[in-house]
Structures are given as structure tokens and as C-alpha cells.
Amino acid sequence: MEKTAKITFCGGAGSVTGSNFILEADGKKILVDCGLTQGTKVADDINWDPFPYDSKTIDILFVTHAHVDHLGRVPKLISEGFQGKIYSTKPTKALALPMLEDTVGILSKNTDLGLDKIYTPENIKLALSLWQGFEYHEVLKITPLLEVSFLNAGHILGSAMIKFVYNGKKILFTGDLGNSPSMLLPDTDKVTDIDYLIIESVYGDRNHESRDDRRKFLEETIEDNYNRKGTLIIPTFSLERSQELLFELNALVENKRIPVMPIFLDSPLAIRLTEVFKQFKNYFNENAQKAMIHDKYLFDFPGLHSTLKSEESRLIGNVPNPKIVIAGSGMSTGGRIVHHERHYLPDANNTLLLTGYQAVGSPGRLIQEGLKTVRITGEDVVVRAHVVTISGYSGHKDSDGLLSFVEDMQETLKKVFVVMGEPKSEMFLAQKLRDNLGLEAYVPEQGSSVTLPC
Ligand SMILES: [Zn+2]
């Protein structure tokens with residue numbers, strides 16, 4: 001009898017977030033990712049609707065990487081009676097705990113959905129007890145006919161594509177694909193031999209701007225701010241972007257490119273995650289490995305203060321200028337950065353440095369667009385500070401990057417399913433794969449299934 005595998009697109013079809021897929025093959029029911037849908041409100045009702053499957057019947061959950069839109073609903077899976085195994089790379093497992101605990105902090109304010117009963121410390125602990133970490137390229141035999149391995153996605157520390165081989169047919173779930181070359185991570189693995197591909201498409205319909213010379217730009221911005229005796233505030237994402245920034249600042253300070261001054265990492269989550277990065281240095285790229293020959297501590301340098309407690313955070317205001325403050329959230333929608341913005345944006349000697357993507361309508365975006373009065377968590381703030389953007393940095397491959405990634409496996413590909421993008425972006429990439437590479441490319445509907453001959 002002909003063998004088949006079935007894929008169900010439970011989440012992340014037609015949307016960037018909420019990644020959640022089922023693969024059924026050789027009698028096993030396997031989940032790939034169990035992520036939160038993130039919109040305007042984290043506690044979007046959709047996240048707490050029943051799963052379209054019985055959690056108790058899932059044998060294994062594979063987690064591609066530690067962003068909450070890929071693992072944020074694991075506690076819900078546990079609370080619904082999941083008793084299978086959770087598999088990821090080792091760094092992803094280590095990053096999962098701080099990421100999940102931080103999400104508890106955000107969700108706990110919203111009790112009307114009963115999230116406090118789902119997102120409990122016990123459920124997180126139970127999840128971790130079922131969780132096993134693996135190395136990239138280690139081959140796991142699930143059944144005599146079904147094996148799995150993690151390939152390097154180059155997106156964030158530990159990020160993986162998940163490659164299933166069933167009866168000789170190769171099925172690849174990309175997770176998120178990094179915009180290689182990255183500052184810290186090795187490039188996305190080149191993959192040449194895949195039959196069925198499930199690919200992300202966050203930037204499926206557009207290309208990134210050219211990259212600024214980040215280190216030089218950062219150096220100039222810091223020097224300008226130093227000469228004005230101002231405070232430089234940098235809103236940043238806690239995972240990966242904060243560590244990249246520390247890595248850059250470390251190089252600038254250690255090489256005496258900038259004067260020593262107080263630099264505050266004012267984000268409890270970023271501080272915890274940086275500790276995980278320090279444990280997994282062997283996952284860094286060649287450049288970062290080389291830098292470690294001369295400097296064992298890539299994220300520690302003279303002047304750096306990690307302010308874990310909120311009392312310590314409050315005292316930053318008393319520290320004389322010039323100084324630098326790095327804090328979350330990355331788009332100034334919450335977190336400690338908003339206090340600093342209220343305090344520092346009205347003064348023309350200060351600088352706001354934007355390094356990450358700013359969503360339309362977010363305070364970060366409004367400031368970037370030049371608005372002189374911006375509402376930040378309920379308060380109007382006058383912006384007189386210098387506003388500087390370092391452009392072209394993104395954690396995702398752009399449209400051309402995705403195309404050339406797929407081109408490497410063009411010869412063997414039978415079907416491509418474009419997911420994890422806005423519908424417009426998914427459609428655009430699927431069309432591009434059909435037109436440019438002559439591939440059978442589909443944009444699956446949320447909730448739909450496909451059966452693949454294996
Ligand atoms: Zn991601």
C-alpha cells in the first residue's frame with residue numbers, strides 16, 4: 001500500500017504568528033510548534049479557543065525556536081493533558097523557560113479568560129520536564145521508517161528547521177529563517193534535497209533595505225551623544241537583538257572606539273536571556289568564536305550594568321550623563337523603556353536609537369516618522385531628543401532571500417506550502433515560486449489538511 005503523510009495547518013496559515021502544524025506519519029501524531037497568536041493584545045481570545053485537536057493524542061511536539069509565537073501555547077497544551085515529548089535544540093530548551101515565564105508576566109494582568117489557570121508555574125515546570133534538547137544534525141529515529149533532525153535556521157540562537165524523513169521522502173518545516181549573515185550566528189544551513197516544503201513568508205512580498213555599516217553608525221551615534229553629554233536610549237527586543245547590541249558595544253569598548261561610560265541593560269528578560277547565550281557560545285559563528293580568543297566575555301565590558309530589579313532601574317535617572325540605556329520593549333509599547341522615554345525624550349541633548357522593526361501605529365514608529373508629541377502608555381510626551389534609525393536589520397530572510405533558499409532544492413521539490421506571513425505576503429511568494437522556479441506552490445487555508453504521497 002502506498003504510504004502517505006498528512007499535514008494540518010492549525011495555526012500560522014494566513015498569519016505571521018501562532019505557528020502550529022500537525023504532521024501525521026507512520027501512526028504518529030506530531031506537532032510542529034505551539035505558538036501564540038500575537039496581535040494588538042497578547043491575550044487575544046483566539047489563543048485560548050480549544051485546539052482543533054485532542055492534546056492528549058499528540059505523541060511529540062517539535063519546537064523550531066524560542067519566540068513566543070512558536071512556543072507560547074505550550075502551557076495550554078499541558079493544561080489540556082498533553083503527555084508526549086517535547087523536542088527542540090538545546091539552546092531553544094534553555095531559552096524556553098525565561099520566555100514562558102516572561103509571558104506569564106504579561107498575561108497575568110488579564111484574568112477574565114482564565115489564563116491564570118492555564119499559564120501556571122506548574123504547567124511550565126511540567127513542560128520543561130517533558131522537554132529534551134538535541135544538537136543540530138543529530139538524527140532521531142521516531143519509528144523504523146520515520147526520522148527527524150534539526151537544521152540550523154540562523155534566525156535566533158538555537159533556531160531550527162525541522163526535517164522529517166518518512167519512507168525516504170523528505171519534509172521540511174522551516175520555522176523562521178534568518179537573514180544571514182548574522183552578527184552572532186552561523187548562516188542558515190543550505191538545504192538541497194527536499195520533497196515537501198513548509199516555508200515561512202514574513203517578508204515574502206518585500207526586500208530589506210541595504211544594510212548600514214552598523215558598528216560604524218553605532219559608534220558615531222554614541223560619540224555624538226557623548227559629546228552632547230546626553231542619555232542615549234535604545235529600545236530593543238530582548239531575544240537576539242539585545243545580545244547583538246551587547247556584542248557590538250563590547251567590541252567598541254574593548255577596542256577603545258568609544259569612551260567608557262555607564263551602559264545599562266535595563267531589561268530583566270534580556271539579562272536572563274544573555275545568561276543563556278553565555279552558556280551556548282559554541283553555537284556562535286566563526287567571527288564571534290574568533291573574537292572570543294581575545295575576549296572571553298563577549299557580553300561583558302567596562303561600564304556595563306545589568307539592572308535586574310526595578311529599584312536599580314529607577315536609580316538610573318540619578319546617574320550623570322553621558323550614559324546609555326538599553327531596555328524593552330522594542331517598539332516602545334510597554335516595558336521599562338517607556339519610563340525612560342518619558343524622562344529623556346523631551347531633552348534635545350538626548351538620543352533615541354531605533355534598531356528594530358517598528359510596527360505601523362506603534363509609538364516607536366510614530367517617533368521614527370517625526371511626530372513631535374507622542375502618546376506613550378497614556379501620556380503625551382514631547383520629543384526633542386535626536387532620533388536615529390539604523391536600518392536594514394531584520395531577523396528574517398527577505399523575498400529574494402527566501403527565493404534563493406528554495407532555489408537550492410528546486411530539483412527535488414514536489415510541493416511547497418507558503419505559511420507564516422500576511423495573506424498578501426504568502427500569495428506573493430507562492431506566485432514568485434511558481435513563476436520563477438516553476439514549482440507547485442500553495443497557500444493553505446487555516447485549518448486545512450493535505451495528504452502527501454511518501
Ligand atoms: Zn522567530
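Note that ligands are numbered from 1 as they come in the structure, with each ligand's atoms numbered from 1 the same way. Since the structure is predicted, the reported quantities are computational estimates derived from the model, not experimental observations.
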Have E101 and Y119 got a donor and an acceptor in their side chains that come within less than 3.5 Å?
no
May I ask you to check whether F164 and Y166 place their ring centres under 6.0 Å from each other?
no
Check whether T307 reaches the backbone of L265 with its side chain - one donor and one acceptor, N or O, closer than 3.5 Å.
yes
When you measure from the side chain of D189 to the backbone of V191, do you find a donor-acceptor pair of N or O atoms at a distance under 3.5 Å?
no
Is any protein N, O or S atom closer than 2.8 Å to the Zn ion (ligand 1), and if so, which?
H65 NE2, H67 ND1, H155 NE2, D176 OD2
Closer than 3.5 angstrom, by distance alone: can the side chain of T143 be matched with the main-chain N or O of L146 as a donor-acceptor pair?
yes
With a cut-off of under 6.0 Å to the ring centre and 45° to the axis, is K76 in cation-pi contact with F51?
yes
